[in-house]
Each structure stands twice: as C-alpha cells, then as structure tokens.
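Notes to accompany the following structure.
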Amino acid sequence: MLNPLLFLFSVFSLGLFFRERFQPFYFILLSLILTSLLYANVVYYREFTDIITLPMLMMSSNAGDLSTSIFALINWYDVVYYFAALIISVLAYTRPQSLTINRITFQKAKPAVITLLVMLTVTFGQMRTLDEAYSFDRNHLIQTLGLYNFYIYDSLLHTQTTAQPALSEEEDWNNIKKHLNNGEVPPATHMTGIAEDMNVIVVSLESVESFVIGETLHGEEITPFLNELINNSYYFDNFYYQTGQGKTSDAEFIINNSLHPLGRGAVFLTHYDNEFYALPEILNSNGYTTAVFHANDETFYNRDIMYPNLGYENYYSFSDYKISLHNSVGWGMKDIDFVEQSMDYLTELPEPFYTTMITLTNHFPYDLDEEDHFIEPFDSDSSIVNQYFPTVRYTDEAMRILVNNLKEAGLYENTIIVMYGDHYGIANSHYEELRKFLGREIDLYESVKLERVPLIIHIPGMEGEKISTVSGQIDVMPTLLNILGQPDEGQAMFGTDLFAEEREGYAVLRDGSVVTDELIFSNETCLSYADGSEFAPEICEDIREQGFNDLYYSDKIIYGDLFRFLSQ
Ligand code: GP9
Ligand code: MN
C-alpha cells in the first residue's frame, strides 16, 4: 500500500504549485487519468491475469477486434472505481475552496522538493537493482512496486530494450551458444527422417486446455474426436503453453522458432522486422510449399508482415473466405466452415507442404449459437466457464471434419497432423467456478498444472503413444525438424526433440515459472510435481536459474536482432 501512496502523494502535491483556482481542475484531471489507468488494468487483468505493459498499449490497432471480448469484462458496479473522481468533481463545483491550498512557490517548497527527489532517486535505484528474476514475474513485480510505479519501471525497461539492437554485438552469440550447448540433448535417431517429405499441417487450437481432454460433462465426452485421434497419435499430456502477452501470435512464434516470446508485448508487433531462422523458411528452402490459413483480418497481429518474414509463401485470410452472418460468430468465421473452405486451397498446394491452420471459434468470451451446440453448457455462476464447453466441443467437431476431408482428399496417409492448444482458455478470475467442474481446489500447484494444453502429433503409419514427460511449445520445432529429416544446422533452438531418449522433462513459462518431471518453481515457491507438497526454495534453485537464463538469452536474441549475425 505504501508504494502507490508515495506515488499519489507526490503527483497530487504538484498541484500546490498551481494558482488556487486551477488546483481543483488539476486534481480532477489527475484523478480521472489515474483512475482510468487503474480501471483499464482491472478489466485487462480479469481476462489476462496480467498488467498492460507499454508495448501492449501500442497494440491499439488490434483493439477494434477485441471489442466483443471487452464487453464481457465490464460490470455495472465498476463505477465504484470512479467514486473518488466523482467526489472531487462535486466538491470542485460546490465548494472549490475545500480543494485549494495556498499556492506554494518553488522557493518555499525547496526542502520538500529536494526530499521528494531524493525519495524518487532511491525508488529508481531500487528498481534498477531489483532481482532480475522478478522482472519476468509481473504479478510479483506489481505487488512490490505498486501499479503506478510499475509504469515508471516499465518505461525504464522500454528505453533499455528498444536501445538494444544498436548495441548488440556478435559476441553475444558466444554466450548464447554456450548456454544452449550446456543443456543440449541429441535428437532421437530412431525417429530421424521417419516422415521425410511428408506434408505437415499444424493446427492451432484456440484456447483449448488439457483439462477437457478425455473428460466428460453431463455424461458426454467434451472432445470425442480429439480423444479418438489421440488413440493413434503421440499425445503429450504434460505439455505447457509458454506464451506471453501476444497469445495466439506468441504460440505461432514459439512453434516456428523454438524461441521464447517476449515478456512484454507481442513479438509479432514489436519485432516483426527482425531476422529469424524459422521452420517454414527452413522447410521452404528445402522444397516445401508453405501456407497459413486464418479467417481473420490479415493485418491482425501484423501477420501480413510477419508471415513472409517467417517464410510462409501463402496466407489465406479474411478476404479469401466466403464469410456471412450465417457462418460467423464471436470473433469471426466458425471453425467448421473455416476448415471446409480451407480444403479448397489446401488441395491445390504443391506437395510437400507445411501449413498452419488457426482456429477461432473457441475464443473468449465463447459465444456460439444454440444450433451449433454439440454439448450442453456447464452450470455454474460464470457464463464464461459454462460456455467454454460447447465451444471447445465445436472446435473438436471441426477437427473431425478436417481429418475426414483429408482422408477424402487422399492426403491423410502422407500428412503429419500436429494439433496444439495455443494458451489458456479460462483465466484465473474464473477459477472459483472452474473449481466446481474440476472438483478440487485450485491452489498454486493446480494453477500451474492448468497451464497445460494438448499436443497431438499424428504420424501416418505410426501407432503413437502417450508421453507424459513435461514439455512445452518450444519443443515442437526441433521435433518436427528431426522427423522430417532436416538436420539441425546450428540454429539457436531453446527446445529439445520430444522423442530424444535423453530428454528430461522441462518447460519454462513466460512468467519465469519452471516445471520439470520432479519440481515446480512458481511464484517464488518450490513444489513437488507429483503431489504439490512444498520444498525448501534451494531445491528449486538450479531449475530457477536454468529457466531464468533461457528467458534471458532468448530475449537477448530478439531484442538484439541477433540472427543478423548468424552465418547460415
Ligand atoms: C486473432 C486470433 C486470436 O486472429 O488468433 O488471438 P488471441 O486473442 O487468442 O491472441
Ligand atoms: Mn488464441
């Protein structure tokens, strides 16, 4: 409480330098600005469990498309946030003298101003020496600094990170390579080239989490098709999403680069003109046709610029689909129609192809017409949790149609199908109601485990199996490169081949949490992966450090645009 108070005290007292009749206006204006900043974060937090960072503010071009979601996050009783501003305004009108204090000259205020400056310098100093690990865990950071001071810190970070490319040197690579070589594990030789020259379809399953897989609601399977597909695929049930504020686009970024996304903002928006060494680009230079299918505005997340940069030759977006009121809901085109129309383009692509399909129907706030419900909603006090089940079930149905269409088109037998959940679907603010579905308390241990999303890899001719070693989105690229028989040419990948014999369970989440087959490090706490019992912090020290370095070096590559220096 003290940190925000110090900030508020400082900025409000600046009003004392104004002439008496201007003071009330200054207080009203300031109160409105600060309340709006606070309230914007309250709304954002309800869905993203995160704070708006400066790079996110610059995402305003995406705000239009977010409007359907924003209304689901606003409550009428939120007016309480504006009470203080209201009271100040009423007072300014009825008794302005109650809001004015004798104007202070700078001369008189000198001791106070000097004290304030000293306090601010100390605060800045503290921020700079904050344990660096905190900087990845924003929840912790806000608790330490308070919301308003956080923005001062974020501005410091902003100038520091935007200045990096100019300062970056080739030598940075030496440290990064050293770090990566340390944890390097050779890929599984028995899988090398097993799917050489096969097509690849990677499907991003919007907001699909692991907790629905294999589960039932009202006695019916929530994902009957995915459950069926899992039976003859490789299925990773301890697979974690590693996205940051760029959500879907971050997931695409991780899958295609085996790099971590950034801690602040979306790489697609902040570093779209960087040099990358991405999976589509590698495959394209080895004879693959590359394409993305996503029935949204082509400029959303800068995809129109980022896709060619990552090596995608074709991008089928909004204008390539026949979209009507009838076949759209919520954010846009319904997944079933999307999949069906995409087939027309897919079947025209020269083989082998590497394609990405991005689904949309299971997007917050999970709107879906009654006629498209293949399962009844859940019954709780959260409409978000309730509606999530029919939309997941709908996307599941779309996947059945996709696979059936692939079979009909004769593509199923020579196409690897990868399906992954892009990020969480149910935000922490709905855990109270989600708990009713899960039938257990959601403590720190459970909330980390809820960061799991499905990963399914279907390889024609292979039976597959369930693999329970901990893994993350960052591991998909090295896995695909190996089964496609594409040698790792020394590009910097932060993931490891999922089939590698020596691979040990490991996933670093973007907030600095680290998960292994034995341990969970999250929120400065060390837990057992098996049962959530708490260990002394030292037990997690090694994995905390390893995770921190992964994020640190991956960030260095992106902020410094280091691929410019990589000899290919
Ligand atoms: C936007 C879609 C959803 O085109 O991919 O993005 P999200 O809000 O999940 O990041
Ligand atoms: Mn998404």
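Ring pair Phe378/Phe437 is perpendicular by interplanar angle, where above 60° counts as perpendicular and below 30° as parallel. Ring planes of Phe239 and Phe236: tilted class, angle from 30 to 60°. Ring geometry, Tyr82 versus Tyr39: the interplanar angle exceeds 60°, so the pair is classed perpendicular (tilted spans 30 to 60°). Classification of the His179-Tyr553 ring pair by plane angle, with boundaries at 30° and 60°, yields tilted. Between His271 and Tyr559, the angle of the ring planes goes over 60°, which puts this pair in the perpendicular group of the 30/60° scheme.
Side-chain atoms of Tyr45 and Asn139 include a donor-acceptor pair closer than 3.5 Å. A side-chain donor from one of Thr248 and Glu206 sits under 3.5 Å from a side-chain acceptor of the other. For the residue pair His430/Ser382, the side-chain donor-acceptor check at 3.5 Å is satisfied. Side-chain contact, Thr395 with Asn362: no donor N or O sits under 3.5 Å from an acceptor N or O. Defined by atom type and a distance below 3.5 Å, a donor-acceptor pair is missing between the side-chain atoms of Asn523 and Thr525. For Tyr529 and Asn238, the side-chain atoms include at least one donor-acceptor pair closer than 3.5 Å. In the model, Asn75 has a side-chain atom that pairs as donor or acceptor with a side-chain atom of Tyr77 under 3.5 Å.
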Exercise. Take Asp237 and Ser210 through the test side-chain contact (heavy atoms from CB on, under 4.5 Å) and record every step on the way to the result.
Key: CA-CA 7 Å; Asp237 63 343; Ser210 293; over 6 Å; no
Exercise. Test side-chain contact (heavy atoms from CB on, under 4.5 Å) on Leu450 and Leu438 and set out the steps.
Key: CA-CA 11 Å; Leu450 279 172; Leu438 296 174; 4.2 Å; yes
Exercise. Report the C-alpha separation of Asp154 and Thr53 in whole Å, then their side-chain angles, then the decisive distance to 0.1 Å, and conclude whether the side-chain hydrogen bond (donor to acceptor under 3.5 Å, both in side chains) test is met.
Key: CA-CA 7 Å; Asp154 202 45; Thr53 59; 4.8 Å; no
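The distance from atom CG of Leu498 to atom CG of Asn482, rounded to the nearest 0.5 Å, is 10.5 Å. Here the CG atom belonging to Leu509 is positioned 11.0 Å from the CZ atom belonging to Phe521, to the nearest 0.5 angstrom. Of the inter-residue distances, the one linking Tyr240 atom OH with Asp475 atom CG reads 13.0 Å to the nearest 0.5 angstrom. For the atom pair OG1 of Thr356 and CD1 of Ile255, the computed distance is 9.0 Å after rounding to the nearest 0.5 Å. Distance CG/Leu34 to OH/Tyr81: 15.0 Å, rounded to 0.5 Å. Interatomic distance, Leu551 CG to Leu259 CG, rounded to the nearest 0.5 Å: 11.5 Å.
Smallest separation of non-hydrogen atoms from Pro478 and Ser258: CD-OG, 3.7 Å. Heavy atoms only, all atoms of each residue included: Ala278 and Met477 are closest at C-CE, 4.3 Å.
Between Arg510 and Asp50 no salt bridge is recorded (no basic side-chain N to carboxylate O distance below 4.0 Å). By the 4.0 Å N-to-carboxylate-O rule, Glu446 lies too far from Lys449 to be salt-bridged with it.
When atom types are taken as modelled, the side chain of Gln387 and the backbone of Tyr366 share a donor-acceptor pair closer than 3.5 angstrom. A donor-acceptor pair under 3.5 Å is formed between the side chain of Thr35 and the backbone N or O of Ser31. Side chain of Glu215 to main chain of Thr223: no donor-acceptor pair is present (N/O by atom type, distance under 3.5 Å, no hydrogens or angles). At distances below 3.5 Å, not a single donor-acceptor pair connects side-chain atoms of Glu275 with backbone N or O atoms of Phe563. The backbone N or O of Asn274 lies less than 3.5 Å from no partner atom in the side chain of Asp561, so there is not a single donor-acceptor pair. Side chain of Ser522 to main chain of Ser513: no donor-acceptor pair is present (N/O by atom type, distance under 3.5 Å, no hydrogens or angles). In this structure, the side chain of Asn149 engages the main chain of Leu145 through a donor-acceptor pair within 3.5 Å. Judged by distance alone, the side chain of Asp250 and the main-chain N or O of Gly244 form a donor-acceptor pair under 3.5 Å. Remark: side-chain polar atoms of Gln473 are paired, donor with acceptor, to backbone N or O of Gly421 under 3.5 angstrom.
Across Val392, Asn386, Val385, a single residue satisfies side chain to side chain contact (heavy atoms under 4.5 Å, CB included) together with Tyr388, and that is Val392.
Within a 6.0 Å sphere centred on CD of Glu504, heavy atoms belonging to other residues, nucleotides or ligands number 12 at most. Crowding of Phe9 atom CZ: a count of heavy atoms from other residues, nucleotides or ligands under 6.0 Å not exceeding 12. The number of heavy-atom neighbours closer than 6.0 Å to NZ of Lys436, taken from other residues, nucleotides and ligands shown, is above 12.
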